[in-house]
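Each chain gets a letter, A, B and so on, in the order its sequence line appears, and its residues count up from 1.
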Protein chains: 2
Amino acid sequence: MTGKATRERIIEAADRLFYQQGYEQTSFADVAAAVGITRGNFYHHFKAKDEILDAVIQLRLDATAGMLARWEVAGGHPEGRLLCFVGILVANRAKIMAHGCPVGTLSTELSKLEHRSREDANKIFLLFRTWLRRQFELLGRPDDADDLAMHLLARSQGVATLANAFHDEGFIQKEVDAMRDWIKGVRTCLS
Amino acid sequence: MTGKATRERIIEAADRLFYQQGYEQTSFADVAAAVGITRGNFYHHFKAKDEILDAVIQLRLDATAGMLARWEVAGGHPEGRLLCFVGILVANRAKIMAHGCPVGTLSTELSKLEHRSREDANKIFLLFRTWLRRQFELLGRPDDADDLAMHLLARSQGVATLANAFHDEGFIQKEVDAMRDWIKGVRTCLS
DNA sequence: GTCTATAGCGAGATAGAC
DNA sequence: GTCTATCTCGCTATAGAC
């Protein structure tokens, strides 16, 4: 096992545990146990806990950028791409009901901690916002594309928060259906 | 200063700090310093940290029930009451941008901690849900009143999460305006 | 009812052997 | 690159004086 592989395994385990338990609640011992190394070995790969968080955020930024690039192709046209976006709520419904949205919950937690990586975590939100805005621009809504992007992002966040609180799968489906109808309506009716 | 007053001051300080910093991140020392007592004196009023959380949740349940009862009168009719509900996003916009929604962020945090009081915290959500559902029923939508209540609750949560992430006051106002339009549309168009 | 003092634990972090 | 051993700190919680 090379050092690089161990580092990546640490980041992946931390990524999962930060999502499931939260950043502050996840200890070095938790991550070490998940990876199968001792706590002491940790500091050969990371100087401090903050650095693991930064690596996890970078991993999520890369993963998000890759996913958006794939939707760019798979969605075909702007409306299809927007449907890809709302589709993640259904595809990830089990995880969302158990742990909420990984983007929103990390952003909220780091905000309360006043953590220095707070703004970096928000960049994940910004990736979605910019990508969604672009799709609405292509859909013929250049003037309020950003408002529409924020609206759709907000509705997705709200669905994740309440689905987590009430553990209601039917609620997710109903809201996703409503968002799909709304997306179809954006194209047909001008601002 | 009687014991009862000190206990109430502890609960009020904890309520504020749990909102601003999160439950897990708030230590006894933080609350004690805010109240102006020593840590040791704490255990005369509460046996454990969990008990303060329970007291804070009860305080918020009572405060929410009281607020909903006041809206029942101040709003006049169901539509006016729903407008009272979305109005809190504007009225509390500064706090929401700084710390998110007190209901949603506590619910999310306790979910990640798998805390035993998780369900009690969700009762605050349930108060809003039940109250909103009743207003939609009175508005002539008995069949989908709960769906409409969850929809409005979700949109509010999403607005709070994104307003906190992006610190965008204009976004809150735009979304609240959109929710007001949506509320007006609910009455005029049947399901 | 409030205080000081301290126990006990787990956290992040470091040193150094192998 | 991985380990064991250890340090220091802050936290929850307890004991007991006043």
Side-chain angles (χ1 to χ4, degrees), chain A residues 1-58 106 109-110 112-118 120-121, chain B residues 1-58 106 109-110 112-118 120-121:
Chain A
M1 201 66 68
T2 73
K4 190 183 177 188
T6 299
R7 185 187 158 89
E8 285 175 0
R9 281 165 58 216
I10 291 173
I11 296 171
E12 285 165 12
D15 177 40
R16 180 170 48 81
L17 290 170
F18 289 176
Y19 176 40
Q20 294 172 348
Q21 310 180 350
Y23 167 69
E24 190 68 17
Q25 187 65 12
T26 302
S27 68
F28 275 27
D30 292 333
V31 181
V35 175
I37 60 173
T38 59
R39 277 173 299 157
N41 188 16
F42 232 106
Y43 293 85
H44 178 74
H45 302 281
F46 297 94
K47 285 179 197 159
K49 192 181 178 186
D50 286 358
E51 289 192 9
I52 306 178
L53 176 60
D54 289 339
V56 167
I57 290 173
Q58 191 57 53
L106 182 64
E109 181 180 2
L110 297 186
K112 298 237 185 211
L113 297 180
E114 295 194 53
H115 197 283
R116 62 164 184 79
S117 296
R118 181 183 186 286
D120 287 325
Chain B
M1 201 67 65
T2 74
K4 190 183 176 188
T6 299
R7 184 187 158 90
E8 284 174 0
R9 281 164 59 216
I10 290 173
I11 296 171
E12 285 166 11
D15 176 40
R16 181 169 47 81
L17 289 170
F18 289 176
Y19 176 39
Q20 294 172 346
Q21 310 179 351
Y23 167 69
E24 190 69 19
Q25 187 64 13
T26 302
S27 68
F28 276 25
D30 293 333
V31 181
V35 175
I37 60 172
T38 59
R39 280 172 298 159
N41 187 15
F42 233 106
Y43 293 85
H44 178 73
H45 302 280
F46 296 95
K47 285 178 197 158
K49 192 181 178 185
D50 287 358
E51 289 193 9
I52 305 178
L53 176 61
D54 289 339
V56 167
I57 290 172
Q58 191 57 52
L106 182 65
E109 180 179 1
L110 296 186
K112 299 238 183 211
L113 298 180
E114 296 193 52
H115 197 283
R116 64 163 183 79
S117 296
R118 181 183 187 285
D120 288 325

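Residues meeting the side-chain hydrogen bond (donor to acceptor under 3.5 Å, both in side chains) test with B:Gln21, sequence neighbours left out: B:Thr26. Annotation: side-chain hydrogen bond (donor to acceptor under 3.5 Å, both in side chains) contacts of A:Asp54 (sequence neighbours excluded): A:Arg116, A:Ser117. Legend: residues meeting ring pair (Phe, Tyr, Trp, His ring centres under 6.0 Å) with B:Phe46, ordered by chain and number and at least two apart, are absent. B:Glu12 pairs by the side-chain hydrogen bond (donor to acceptor under 3.5 Å, both in side chains) definition with nothing, not counting sequence neighbours. In this structure, the ring pair (Phe, Tyr, Trp, His ring centres under 6.0 Å) partners of B:Tyr19, at least two apart in sequence or on a different chain, are B:His99. Contacts of B:Tyr23 classified as ring pair (Phe, Tyr, Trp, His ring centres under 6.0 Å), with partners at least two apart in sequence or in another chain: B:Phe18, B:His115.
One axis for each end of the helix from C:dG1-D:dC18 to C:dC18-D:dG1, each built from five base pairs, and the angle between them comes to 0° at 10° resolution.
For the pair A:Ile52 CD1 and C:dA13 P, the computed distance is 9 Å after rounding to whole Å. As a whole-Å value, the separation of A:His44 NE2 from C:dA15 C1' is 15 Å. A straight line from CZ of A:Phe46 to P of C:dT14 spans 15 Å, rounded to a whole angstrom.
In this structure, the side chain of A:Arg9 engages the main chain of A:Val35 through a donor-acceptor pair within 3.5 Å.
Side-chain nitrogen and oxygen atoms of B:His45 include at least one within less than 4.0 Å of the OP1 or OP2 phosphate oxygen of C:dT2. Residue A:Thr6 places none of its side-chain N or O atoms closer than 4.0 Å to OP1 or OP2 of D:dG1. Within the structure, every side-chain polar atom (N or O) of B:Thr38 is placed at least 4.0 Å from both OP1 and OP2 of C:dT2.
A salt bridge (charged side-chain N to carboxylate O under 4.0 Å, His left out) check over residues 24-41 of chain B, counting only residues at least two apart or in different chains, returns nothing.
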* Asked: How does each nucleotide of nucleotides 7-18 of chain D score, in 5' to 3' order, for protein heavy atoms under 4.0 Å: base (B), sugar-phosphate only (S), or none (-)?
  -> ----SBBB----
